[in-house]
Amino acid sequence: MTIEGYFDGTAVRPLEPVDLKPQQKVFIQVPEKQETPEERKKKQIAFLKDLAAHAEEIHEEEEKERKARQKKAVDDLFNLLSDDEAKAFGKEMNIPLRFKTVELA
């Protein structure tokens, strides 16, 4: 059990009610440095920035995989692309492709 509290100059006071018996032995651990709300906020912002960067990397990888699947589908279904056309197709994947009624985007 961890109990959060404060020292009032005489005794340690818990912030919330605790289920302890009178005279029950307890061990008190005092943190070396108390984290300020500003420090906590900076840590949280840094964590969120790292998380957003990681999400962007995952999105970019998924986008590359999606484009590769589309190219393979065109190659497999239509068998229309030469090697040079396939390279050009890879560069132009950011525009919709239309083959009759089929649209790849």
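- Looking at Ile3 and Val12, their side chains never come closer than 4.5 Å, going by heavy atoms from C-beta outward.
- Residues Ile58 and Leu51 do not share a hydrophobic cluster, clusters being chains of Ile/Leu/Val/Met/Phe/Trp/Tyr side chains in contact below 4.5 Å.
- The cluster map of Ile, Leu, Val, Met, Phe, Trp and Tyr, joined by side-chain heavy atoms under 4.5 Å apart, puts Phe7 and Ile28 in the same cluster.
- Note on Arg66 versus Glu63: salt bridge recorded, some NZ/NE/NH1/NH2 to OD/OE distance being below 4.0 Å.
- A side-chain contact (heavy atoms from CB on, under 4.5 Å) with Lys21 holds for exactly one of Gln24, Lys25, Gln23; it is Gln24.
- The CD atom of Glu65 sits 12.5 Å away from the CD atom of Glu60 when rounded to the nearest 0.5 Å.
- Taking NE2 of His54 as the reference point, atom NE2 of His59 lies at 14.0 Å (rounded to 0.5 Å).
- The two residues Val18 and Pro14 have their closest heavy-atom pair at CG1-CB, 4.0 Å.
- Looking at Gln70, its side chain never comes within 3.5 Å of a backbone N or O of Lys67 through a donor-acceptor pair.
- Counting only distance, with no hydrogens or angles, the side chain of Glu39 and the backbone of Thr36 share a donor-acceptor pair below 3.5 Å.
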